[in-house]
Amino acid sequence: MTSGEAGGGMAVLATSPVESGVAKNEPKGRSLWADAVRRFRKDRMAVACLAVIAFYAVIAILARFELIASPWDTVIGGAYDPPSLQSLAHSFGTDIFGRSVFYKVIHGTRIAMSVGLVASLIAIPIGVTLGALAGYFGGWIDEAIVWFYTTLSSIPNIMLLIAITFVMGKGMGAIYVALGVTSWIGLCRVIRGEFIKHKSRDYVVAASSLGASHGSRIFKHILPNVSHFVIINLSMQFMGAIKAEVILSFLGLGVQGQPSWGVMIDDAKLELARGVWWQLAGATVAMFFVVLAFNIVGDALRDALDPKIK
Amino acid sequence: MLIYLLRRIIGAIPTVLGVALITFLLFNLVGGDPTYQMLGKHATAQQVAELRHEYGFDQPLITQFVDYLRQIVTFDFGRSYATKQQISAMISNGIGPSLTLAIPAFFVTTILAVVIALVVSYFRGRWVDKLGVVVCVVGMSLPSLAFILFGQYILAYQLGWFPISGWDNDFSDRWQYIAMPMLIWVLVSLGYDVRFFRTAILEETGQDYVRTARAKGLAEKVVFFKHVLKNSMVPIVTNVVLEIPLLVLGAFLLEGFFGIPGLGSITIDAVHNSDLPVLKAMTTLTSLLMIFGNLATDVVYTLVDPRVSLK
């Protein structure tokens with residue numbers, strides 16, 4: 001590095017190691033992403049929470065391919081056996097049909113994670129595309145898109161979710177669609193705002209004067225510069241979907257014939273009077289840790305990726 | 001001010017029409033014809049035709065839409081499938097119970113949240129603040145259903161401090177049924193509110209005018225309570241006003257669990273009975289309230305923030 005040599009050439013011995021040290025720690029042209037990863041890793045709590053989310057994801061995948069806790073509806077004991085240490089399957093007790101609550105929690109994990117994933121996969125493309133179009137083109141396109149999301153967000157989320165799952169017929173498909181089409185608005189707003197800011201910046205003007213088309217300016221030039229907002233949004237999106245699935249399933253609008261955390265909590269409301277607390281506790285604890293992890297990771301991502309507070 | 005208000009109200013009309021259109025498309029087009037579901041498999045053609053006529057499903061879509069707009073304007077949403085009552089009567093009976101729970105709970109939550117947020121942000125960076133943030137995040141992450149179920153089980157069923165659920169038409173005896181759902185409401189929403197308010201306050205403390213105030217030698221207390229507090233009221237008030245329209249529906253899970261015959265219970269019953277007209281009316285009504293809530297927020301903005309002009 002030339003700057004290190006220059007520092008040594010100054011012949012001030014005390015400062016040269018410091019300067020070369022700075023040069024080593026802060027190489028030129030470090031990207032936002034590398035910088036963000038570095039900052040995120042400094043937050044030990046967030047890294048631990050990311051590991052928790054990864055753990056839930058692994059559990060969900062293993063359960064999806066029936067490698068663990070399968071089949072979930074095997075009868076392993078009597079009705080309402082309290083939790084016991086005799087085996088892992090008994091560790092959360094049994095439900096009314098003598099099925100393992102632990103297995104049900106694991107399948108609930110699979111449902112929750114898949115709902116979060118699919119809802120995000122539906123919502124992110126909608127939010128990014130509409131936000132980009134509205135922010136970039138402005139004019140009537142902007143007005144139409146803003147009108148559309150203002151309208152949609154005027155309907156209270158829970159009523160919209162109930163309405164969509166209702167008219168589409170209960171079940172997983174309806175849940176995916178309902179959560180996907182209701183949760184893109186926040187991201188769309190952010191992306192639109194960023195596009196409005198970026199479209200008149202020098203690098204975009206330079207690109208257009210070199211003959212870049214609208215498509216190229218949107219996708220090749222501006223989008224990579226605002227894409228970190230998708231990641232910041234993802235964590236909250238995922239968490240919102242998990243929470244909403246539980247409430248919809250609890251209302252009987254969600255998953256049918258399979259255990260989900262919401263269905264388990266719904267069952268538990270009648271069991272509690274008989275002193276059967278473990279089904280509720282199992283679903284609650286499982287949900288609590290993943291939601292907590294998403295909350296903390298979401299905050300850390302915002303801190304790491306939002307250059308404003310650098 | 002009047003002209004400003006008028007302009008805002010006219011500006012809200014496209015949103016109202018949009019809400020009506022989306023609700024209409026959802027319920028009348030995607031939802032399809034629910035008459036068979038209501039009458040069961042053994043309905044005669046005569047019965048089906050009569051019912052279709054009563055709910056207007058035999059009309060062309062555009063007529064149905066105009067009819068629905070007329071329903072919104074006249075606040076007459078027809079009869080419920082399940083209870084056969086007039087929906088407008090059901091709704092006006094439900095508003096009272098909903099608000100007796102929602103209004104006190106809302107005020108207690110807001111006041112407590114602002115006070116706690118002030119305390120933790122006054123001690124920003126110290127252990128009080130750190131502890132506060134941890135408690136908030138944990139509270140936000142606990143599922144609200146768990147608060148409700150465990151609260152009902154432990155406080156009402158095991159300890160017997162409150163009745164498990166119920167309702168009294170007499171105002172003076174209502175409080176005992178309201179107390180526990182109110183407590184749970186406060187616990188559920190406190191975490192989110194405190195965190196939001198704390199962020200709003202701390203954002204202000206980073207502003208230049210705060211540095212100026214400190215630089216000219218003002219005591220930290222004066223800086224905090226005189227300068228920061230006043231300015232951080234803008235985002236706080238916005239957030240609070242935005243929550244008001246949701247109050248009507250806000251606690252629908254709580255209402256369901258504690259047998260409070262409010263709008264939330266009506267909605268939950270409608271879900272369980274596949275009562276589409278009631279769901280449609282509730283969706284419409286709550287959306288309209290949201291739109292007017294947004295309007296109210298903007299108006300409040302102009303009142304608390306002199307920088308916002310009435311343009």
Side-chain angles (χ1 to χ4, degrees), chain A residues 45 143-144 146-160 162-170 239 242-243 246-253 261-262 264-266 268-269 271-273 275-277 280-281 283-296 298-299 309, chain B residues 12 14-23 25-32 34 133 137-138 140-150 152-153 157-158 164 206 245-246 248-250 252-253 256-257 267-268 270-272 274 276 279-280 282-291 293-294:
Chain A
M45 191 68 189
E143 272 171 33
V146 171
W147 169 80
F148 183 53
Y149 73 58
T150 314
T151 300
L152 212 54
S153 64
S154 295
I155 305 175
N157 208 11
I158 185 70
M159 291 308 297
L160 194 58
I162 289 177
I164 295 175
T165 42
F166 215 99
V167 298
M168 283 194 54
K170 306 160 182 181
M239 183 186 74
I242 290 175
K243 283 172 125 173
V246 169
I247 290 184
L248 287 176
S249 292
F250 173 78
L251 289 174
L253 290 171
W261 296 338
M264 291 172 72
I265 294 176
D266 187 29
K269 74 180 177 204
E271 298 168 357
L272 269 182
V276 179
W277 50 268
L280 175 60
T284 305
V285 168
M287 188 179 159
F288 169 70
F289 280 110
V290 74
V291 171
L292 182 69
F294 273 116
N295 262 324
I296 292 172
D299 283 353
I309 41 178
Chain B
T15 321
V16 173
L17 285 177
V19 166
L21 189 66
I22 290 176
T23 315
L25 288 178
L26 263 179
F27 281 99
N28 289 48
L29 203 65
V30 188
V133 172
V137 175
V138 169
M140 278 163 65
S141 305
L142 275 170
S144 52
L145 284 165
F147 271 114
I148 297 174
L149 279 164
F150 277 120
Q152 202 173 27
Y153 178 60
Y157 184 76
Q158 287 198 319
I164 290 179
L246 281 175
V248 176
L249 191 71
F252 79 113
L253 287 175
F257 271 104
T267 311
I268 292 186
V271 169
H272 288 149
S274 304
L276 288 171
L279 286 178
K280 191 169 151 188
M282 283 303 300
T283 310
T284 317
L285 189 75
T286 47
S287 311
L288 291 181
L289 282 169
M290 285 278 278
I291 294 171
N294 277 323

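Note that the coordinates shown come from a computational prediction; the quantities given were computed from them, not determined experimentally. The figures here come from the full heavy-atom set of this structure, side chains too, leaving out hydrogens, waters and symmetry mates.
- Proximity to chain A involves both the backbone and the side chain of B/Leu149, based on heavy atoms less than 4.5 angstrom apart.
- Rounding to the nearest 0.5 Å places CG of B/Leu145 at 9.0 Å from CG of A/Asp266.
- Considering only heavy atoms from C-beta on, A/Pro156 comes within 4.5 Å of B/Met290 through its side chain.
- Residues satisfying the ring pair (Phe, Tyr, Trp, His ring centres under 6.0 Å) criterion with A/Phe288, sequence neighbours excluded, are absent altogether.
- In this structure, the portion of A/Ser153 lying under 4.5 Å from any heavy atom of chain B is its backbone and not its side chain.
- Smallest separation of non-hydrogen atoms from A/Ile162 and B/Val271: CG2-CG2, 3.7 Å.
- Atom CG of residue A/Leu152 and atom OG1 of residue B/Thr15 lie 12.0 Å apart, to the nearest 0.5 angstrom.
- A pairwise comparison of heavy atoms in B/Phe150 and A/Thr284 identifies CE1-OG1, 4.3 Å as the closest pair.
- Looking at A/Lys269, both its backbone and its side chain come within 4.5 Å of chain B, counting heavy atoms on both sides.
- Residues meeting the ring pair (Phe, Tyr, Trp, His ring centres under 6.0 Å) test with B/Tyr153, sequence neighbours left out: B/Tyr157.
- When every heavy atom of B/Gly18 is checked against every heavy atom of A/Thr151, the shortest pair comes out as C-CG2, 3.1 Å.
- When the candidates B/Thr23, B/Val16, B/Leu142 are compared by the number of heavy-atom contacts under 4.5 Å with chain A, B/Leu142 comes out ahead.
- Side-chain atoms of B/Leu26 and A/Leu160, non-hydrogen and from C-beta on, do get closer than 4.5 Å to each other.
- Rounding to the nearest 0.5 angstrom, the gap separating the CE atom in B/Met140 from the CG atom in A/Leu292 is 9.5 Å.
- Using a 4.5 Å cut-off between heavy atoms, B/Leu279 contacts chain A through both its backbone and its side chain.
- Between chain B and the options A/Phe294, A/Phe148, A/Phe250, A/Trp261, the largest number of non-hydrogen pairs under 4.5 Å is found for A/Phe250.
- Taking all atoms of both residues into account, the shortest heavy-atom contact from A/Met159 to B/Thr286 is CG-OG1, 3.6 Å.
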